[in-house]
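To start, the structure under review is shown below, and the notes come after it.
Since the model is a prediction, treat every value here as computed from it, not as a measurement.
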Amino acid sequence: MDLSVVQVEKPELINFIFGQSHFIKTVEDIHEALVNAVPGIKFGVAFCEASGKCLVRWSGTDETMIELAKKNAMAVSAGHSFFIFLGEGYFPINVLNAVKNVPEVCCVYCATANPTKIVLAQIGEGRAVLGVADGFSPKGIEEPEDIAWRKEFLRQIGYKS
């Protein structure tokens, strides 16, 4: 078994979802889930087929996001893993439950805009996702002024009233 780490390549402000599913139908069903959750959404999805031709299958509504999804899926190359890259101004919170409810989706490893590294194990002809390092380690414990800032921020951006 050989371990490796792949850095997700993307522009700083772009959010993505990385997960695992189980069937070639994943690409079409995730596409449908996204456009039904947020009309007009800009995204790209890529799925690593684990049998048959073993291709990176893809779809989307935005060429740049589609290219990011294909490039990162090929870099990870773990069977049945998928990437969804969301265009600027679109966020996982608005589509995550729709994605998790796609029948083929087994799990979501992360949904983030943070710098992300994916830990992989090469095992013979297959590659396994061992985990994800999302962002940075905490630098301390939230204080009362941090709590106040968090609550105000969530109301400012419209996620709480």
Side-chain angles (χ1 to χ4, degrees), residues 1-24 26-31 33-35 37-38 41-100 102 104-142 146 150 153 157 159:
M1 174 173 61
D2 295 316
L3 300 179
S4 63
V5 175
V6 170
Q7 173 79 45
V8 174
E9 292 187 33
K10 64 174 204 58
E12 184 179 359
L13 297 177
I14 296 300
N15 280 273
F16 73 95
I17 299 168
F18 175 61
Q20 191 157 24
S21 64
H22 73 91
F23 190 42
I24 194 172
T26 299
V27 171
E28 291 177 36
D29 286 357
I30 286 177
H31 184 117
L34 293 172
V35 298
V38 180
I41 190 170
K42 303 292 184 206
F43 73 93
V45 59
F47 163 76
C48 295
E49 187 177 37
S51 60
K53 289 189 173 184
C54 294
L55 299 174
V56 171
R57 305 290 181 167
W58 60 273
S59 187
T61 61
D62 181 273
E63 285 302 317
T64 303
M65 296 302 107
I66 291 168
E67 290 307 312
L68 280 172
K70 291 191 304 188
K71 178 181 181 178
N72 282 282
M74 197 64 204
V76 168
S77 289
H80 287 156
S81 64
F82 67 86
F83 276 96
I84 302 167
F85 280 85
L86 302 172
E88 195 168 337
Y90 296 97
F91 303 97
I93 194 168
N94 302 119
V95 297
L96 195 53
N97 280 336
V99 170
K100 290 190 291 187
V102 169
E104 300 87 44
V105 171
C106 301
C107 70
V108 170
Y109 294 109
C110 68
T112 187
N114 292 331
T116 304
K117 293 183 173 108
I118 299 171
V119 182
L120 302 164
Q122 187 73 41
I123 305 167
E125 293 180 27
R127 189 176 273 186
V129 176
L130 299 183
V132 172
D134 178 352
F136 308 97
S137 296
K139 296 177 174 99
I141 302 292
E142 186 176 52
D146 302 309
R150 171 175 42 89
F153 175 72
I157 62 173
Y159 280 99

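Sorted by first then second residue, the salt bridge (Lys or Arg N to Asp or Glu O under 4.0 Å) pairs that include residues 54-69, not counting sequence neighbours, are Glu49-Arg57, Glu67-Lys70. Residue pairs that meet the side-chain hydrogen bond (donor to acceptor under 3.5 Å, both in side chains) test with at least one member in residues 120-138, sequence neighbours left out, are Thr112-Asp134, Asn114-Asp134, Gln122-Arg127.
Scanning all heavy atoms of the two residues, the minimum distance from Gly79 to Ala50 falls at CA-CB, 3.8 Å. Contact between Val5 and Lys117 at its shortest, heavy atoms only, is CG1-CB, 3.6 Å. Between Ala111 and Pro92, the closest heavy-atom pair is CB-CB, 3.6 Å. Considering every non-hydrogen atom in both Leu120 and Ala78, the closest pair reads CD2-CB, 4.4 Å. Ile41 approaches Thr61 most closely through the heavy-atom pair O-OG1, 2.7 Å.
Residues that satisfy the side chain to side chain contact (heavy atoms under 4.5 Å, CB included) test with Glu104, not counting sequence neighbours, are Ser21, His22, Phe23, Lys25, Thr26, Asp29, Val102. Judged as a ring pair (Phe, Tyr, Trp, His ring centres under 6.0 Å), and not counting sequence neighbours, the contacts of Phe153 are Trp149. In this structure, Ile141 has no side chain to side chain contact (heavy atoms under 4.5 Å, CB included) partners at least two apart in sequence or on a different chain. With sequence neighbours excluded, the residues satisfying side chain to side chain contact (heavy atoms under 4.5 Å, CB included) with Ile123 are Met1, Ala121, Ala128.
Atom CG of Leu68 is separated from atom CD1 of Ile14 by 7.0 Å, given to the nearest 0.5 angstrom. One finds the CG atom of Leu13 at 13.0 Å from the CG atom of Leu86 (value rounded to the nearest 0.5 Å). Between Ile84 atom CD1 and Leu96 atom CG the span is 8.5 Å, to the nearest 0.5 Å. Taken from CD1 in Ile157 to CD1 in Ile93, the straight-line distance is 8.0 Å, to the nearest 0.5 Å. The distance from atom CD1 of Ile30 to atom CZ of Phe83, rounded to the nearest 0.5 Å, is 12.0 Å. In this structure, CD1 in Ile118 is found 6.0 Å from SG in Cys110, a value given to the nearest 0.5 Å.
Here the side chains of Phe18 and Val129 are in contact, with some heavy-atom distance below 4.5 Å. Taking 4.5 Å as the limit, some side-chain heavy atom of Phe16 sits within range of a side-chain heavy atom of Val8. For the pair Gln7 and Pro115, the minimum side-chain heavy-atom distance is below 4.5 Å. Proximity of Leu130 to Leu3: side-chain heavy atoms (C-beta onward) are separated by under 4.5 Å at one or more points.
Using cut-offs of 30° and 60° on the angle between ring planes, the pair Phe47 and His80 is parallel.
Heavy-atom contacts from other residues, nucleotides or ligands closer than 6.0 Å to CD of Glu88 number 12 or fewer. Other residues, nucleotides and ligands place no more than 12 heavy atoms under 6.0 Å from the CZ atom of Phe136.
Applying the side chain to side chain contact (heavy atoms under 4.5 Å, CB included) test between Phe85 and each of Met65, Lys42, Lys71 identifies Met65 as the sole match.
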Can you list the steps and then say if Val95 with Tyr90 is a side chain to side chain contact (heavy atoms under 4.5 Å, CB included)?
-> CA-CA 9 Å; Val95 297; Tyr90 296 97; over 6 Å; no
